[in-house]
Amino acid sequence: QEQLVESGGGLVQAGGSLRLSCAASGRSFSRNAMGWFRQSPGKEREFVATIGWSGAPTNYADSVKGRFTISRDNTKNTVDLQMNSLKPEDTAVYYCASDHALFSTGNNYRPEAFESWGQGTQVTVSS
């Protein structure tokens, strides 16, 4: 069974940067779209970014476009999320997720399209 482990969360001041990383153990990682989602207290889990199996296409929520960058390394089974110009409203638990459909693009970025999830990593942005 695939396992996803996130790391890199923490506390940062507004305007700062963090880089999240997700390590995957699944054998089909290089053929699966991957995504980052987030959830803050009292809110539903929301899409942040997705990346296709080959590294393209990439999709971003409007709220993070231009500030966050998703990338992957299929030789290391990792997917990263570089977060710049962080805002207090970015505070949430961030989750890595895998779409088990082979050769998926990630263009369907509803949480329901992703079957495997990590345990999450907390990101807190202070004002």
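Atoms considered below: every heavy atom in the structure, side chains included; atoms not considered: hydrogens, waters and symmetry mates.
When atom types are taken as modelled, the side chain of Glu6 and the backbone of Cys96 share a donor-acceptor pair closer than 3.5 angstrom. The closest donor-acceptor contact from the side chain of Ser40 to the backbone of Ala92 lies at 3.5 Å or more, if one exists at all. Although no hydrogens or angles enter the test, the distance criterion places no donor-acceptor pair under 3.5 Å between the side chain of Thr50 and the main chain of Gly35. A donor-acceptor contact shorter than 3.5 Å links the side chain of Thr105 to the backbone of Asn107.
Criterion: ILVMFWY side-chain heavy atoms under 4.5 Å apart, direct or through other members. Under it, Val93 and Phe37 are part of a common hydrophobic cluster. Cluster membership check: Ile70 does not share its hydrophobic cluster with Phe114, using side-chain heavy-atom separations under 4.5 Å among Ile, Leu, Val, Met, Phe, Trp and Tyr.
By the 6.0 Å and 45° rule, Arg72 stacks over the aromatic ring of Phe29. The cationic atom of Arg38 (NZ for Lys, CZ for Arg) does not lie both less than 6.0 Å from the six-membered ring centre of Tyr95 and within 45° of the ring axis.
Trp36 pairs in a side-chain contact (heavy atoms from CB on, under 4.5 Å) with only one of the listed residues (Val64, Asp80, Ile51, Val79), which is Val79.
Atom NZ of Lys76 and atom OG of Ser30 lie 15.5 Å apart (nearest 0.5 Å). Thr78 contributes atom OG1, which lies 12.5 Å from atom CG of Leu20 (distance to the nearest 0.5 angstrom). Expressed to the nearest 0.5 Å, how far CD of Glu89 lies from OG1 of Thr91 amounts to 8.5 Å.
Side chains of Ser71 and Arg19 form a contact here, defined as non-hydrogen atoms less than 4.5 Å apart.
Under a cut-off of 6.0 angstrom, the local environment of CD in Gln122 is crowded, with over 12 non-hydrogen atoms contributed by other residues, nucleotides or ligands.
Nearest heavy-atom pair across Gly106 and Ala33 is N-CB, 3.4 Å.
Ion pairing between Lys65 and Asp62 holds under the 4.0 Å rule for side-chain N and carboxylate O.
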Does Phe47 form a ring pair (Phe, Tyr, Trp, His ring centres under 6.0 Å) with Tyr109? I'd like the steps, not just the answer. CA-CA 7 Å; Phe47 154 73; Tyr109 39 82; 4.1 Å; yes
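Between the side chains of Ser98 and Glu2, at least one donor N or O sits under 3.5 Å from an acceptor N or O. Checking His100 against Ser28 by side-chain atom types alone, no donor-acceptor pair falls below 3.5 Å.
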